[in-house]
Amino acid sequence: MNGEKCGVCQSCYCGGGICNIPLSGRPKLLSVYAPVVYDEIGLNICRTVTVPEDVLAANPTAACARLDVIDVEFTAASTGIPGTTVTNTARANCSTVVLTNVSVTFLVKLFDQCNNYLTSTVVTANYLPGSTTSPDAEYLDAETNPDSVTVELYTPYGVGYTAADGEPVINTVGFLPDGNSVTNGINATAVAKAMNFNSVTGTFSAGISLFLRTVYYETYKVAQQGKPIPPKASLTEDQNSCLDFVESGLLSREIKPLELEPPKCEGKLKDTESPCEREDGNIVVFNPCGCEPNNDPCNGQNNENSKG
């Protein structure tokens, strides 16, 4: 009777059930074990950064710089230099984070005035200097790069800790091999933008959006619509493009009219911009929870989510 359904249990097979013969088909719900964001907050900070002299000298036609964040490091406190801290508050479900002496490593890409790529170099800059003895303390600015920033995060399951001494830590989700994964606790990411590049001195304003997120892995049930079908690579180059075209569907272009009024104002896309002034896909996000007097989403004002 191997393979035959037996007895009252019509969903079981004789000879060991699913341990011998696996189920086939598609489930209605999938049980997933996924990192879930419980709380998040972001802040913008900015300071000037300079391209190394030898890199600038080797690329005299450089007219624009663009940035990728490779890594963010929350340095520990040392003599006379405060470090970023995570502490519990009187309320058990929250933690206070004091950000200071945050080290950010950039990949700086240089382009000429025709937007041709020239070269890349790695530059590390210290943000939020906590004291006059901190690295790059000369870039301290009360409005754009203060000595520290304090935020509170909802951490109902706790935060990450070091294995050696049990100190709270912030995990960085970056692009280095040993720092590009999400963990239980507080996770940090950053996105950068280069502005006002000076081709003579190699200096530019490096603004970053630093995000802190409380993440915990949890199991959830989600609806699914089957497995994705990856494209199949062809192993032969013998293709007739004209025949493929004739036998394929009709052409139909999806070119949209411009939306000239807010919030998109797409007419601005006709303006000629230098490559240094482009947004590079960075979206300016306004907090929908706030109600500022001059831009109150509660009063029906147009809230621009992106520059057109």
Side-chain angles (χ1 to χ4, degrees), residues 41-76 81 83-84 99-113 115-130 134-141 143-149 169-182 186-213 273-285:
I41 192 169
L43 62 117
N44 285 342
I45 46 182
C46 185
R47 52 155 288 183
T48 57
V49 172
T50 303
V51 176
E53 293 183 3
D54 58 335
V55 176
L56 191 64
N59 298 273
T61 60
C64 176
R66 298 182 185 175
L67 295 179
D68 291 332
V69 176
I70 297 178
D71 189 42
V72 178
E73 183 179 357
F74 301 94
T75 55
I81 302 176
T84 293
L99 298 169
T100 186
N101 284 310
V102 179
S103 179
V104 182
T105 301
F106 299 106
L107 180 68
V108 183
K109 301 177 182 178
L110 297 180
F111 298 81
D112 64 16
Q113 62 181 359
N115 206 28
N116 296 314
Y117 171 76
L118 299 176
T119 188
S120 297
T121 185
V122 175
V123 176
T124 300
N126 179 271
Y127 285 79
L128 304 175
S134 296
D136 299 345
E138 60 186 291
Y139 299 101
L140 175 66
D141 186 286
E143 295 181 345
T144 60
N145 190 32
D147 58 356
S148 64
V149 173
V169 295
I170 299 175
N171 177 63
T172 298
V173 185
F175 292 92
L176 296 181
D178 58 348
N180 61 357
S181 60
V182 178
I186 301 175
N187 292 261
T189 59
V191 181
K193 178 181 180 181
M195 301 162 286
N196 303 324
F197 180 79
N198 187 319
S199 59
V200 177
T201 63
T203 61
F204 58 91
S205 297
I208 67 169
S209 292
L210 181 63
F211 300 94
L212 297 179
R213 294 181 173 93
E273 297 179 348
S274 73
C276 298
E277 294 173 345
R278 296 175 183 171
E279 287 296 327
D280 295 332
N282 292 328
I283 300 175
V284 181
V285 180

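Here the structure is a predicted model, which is why all the values come from computation and not from measurement.
Side-chain atoms of P146 and L128, non-hydrogen and from C-beta on, do get closer than 4.5 Å to each other. Contact of the D141 side chain with the Y139 side chain is not registered, since no non-hydrogen atoms from C-beta on lie closer than 4.5 Å. Counting heavy atoms from C-beta on, the side chains of Q113 and S199 never come closer than 4.5 Å. Between L99 and I45, the closest side-chain pair of non-hydrogen atoms is not below 4.5 Å. Inter-residue side-chain proximity for L107 and L67 is flagged as unmet; no heavy-atom pair is nearer than 4.5 Å. S209 places a side-chain heavy atom less than 4.5 Å from the side chain of N44. In this structure, the side chains of I208 and F106 come closer than 4.5 Å at one or more pairs of heavy atoms. Contact annotation: the side chain of D71 never approaches that of S103 to less than 4.5 Å [non-hydrogen atoms, C-beta and beyond].
Annotation: the span from L56 atom CG to N198 atom CG amounts to 9.0 Å, rounded to 0.5 Å. Here the CG-CD1 distance, from L210 to I41, works out to 10.5 Å after rounding to the nearest 0.5 Å. With values rounded to the nearest 0.5 angstrom, F74 atom CZ is found 5.0 Å from T172 atom OG1. Separation of atoms CZ (R66) and CZ (F111) is listed at 4.5 Å; rounding is to 0.5 Å.
For the residue pair N101/T75, the side-chain donor-acceptor check at 3.5 Å is not satisfied. Donor-acceptor pairing under 3.5 Å is recorded for the side chains of T105 and T124.
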Could you check T50 against T201 for side chain to side chain contact (heavy atoms under 4.5 Å, CB included), going step by step and ending with a plain yes or no?
CA-CA 8 Å; T50 303; T201 63; 6.0 Å; no

If you apply the rule side chain to side chain contact (heavy atoms under 4.5 Å, CB included), what do you find for L118 with D112, and how did you get there?
CA-CA 7 Å; L118 299 176; D112 64 16; 4.2 Å; yes

Residue pair D147, L140: steps toward the side chain to side chain contact (heavy atoms under 4.5 Å, CB included) verdict
CA-CA 7 Å; D147 58 356; L140 175 66; 4.0 Å; yes

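The number of heavy-atom neighbours closer than 6.0 Å to CD of E138, taken from other residues, nucleotides and ligands shown, is above 12.
Between V123 and P52, the closest heavy-atom pair is CG2-CD, 3.9 Å. The nearest pair of heavy atoms linking G174 to N180 is O-CB, 3.1 Å. Nearest heavy-atom pair across A137 and P129 is CA-CB, 3.9 Å. In plain terms, the two heavy atoms of A65 and V108 that are nearest each other are CB-CG1, 4.2 Å. T84 and I170 get closest at one heavy-atom pair: CG2-CD1, 3.9 Å. Considering every non-hydrogen atom in both V69 and V104, the closest pair reads CG1-CG1, 4.1 Å.
One N or O on the side chain of N59 and one on the backbone of V55 form a donor-acceptor pair closer than 3.5 Å. With N171 contributing its side chain and S181 its backbone, the two residues share a donor-acceptor pair below 3.5 Å. Under the 3.5 Å distance criterion, the side-chain polar atoms of S205 are left unmatched by any main-chain donor or acceptor of N196.
Aromatic ring pairs are classed by plane angle as parallel below 30°, tilted from 30° to 60° and perpendicular above 60°; the pair F197 and F204 is tilted.
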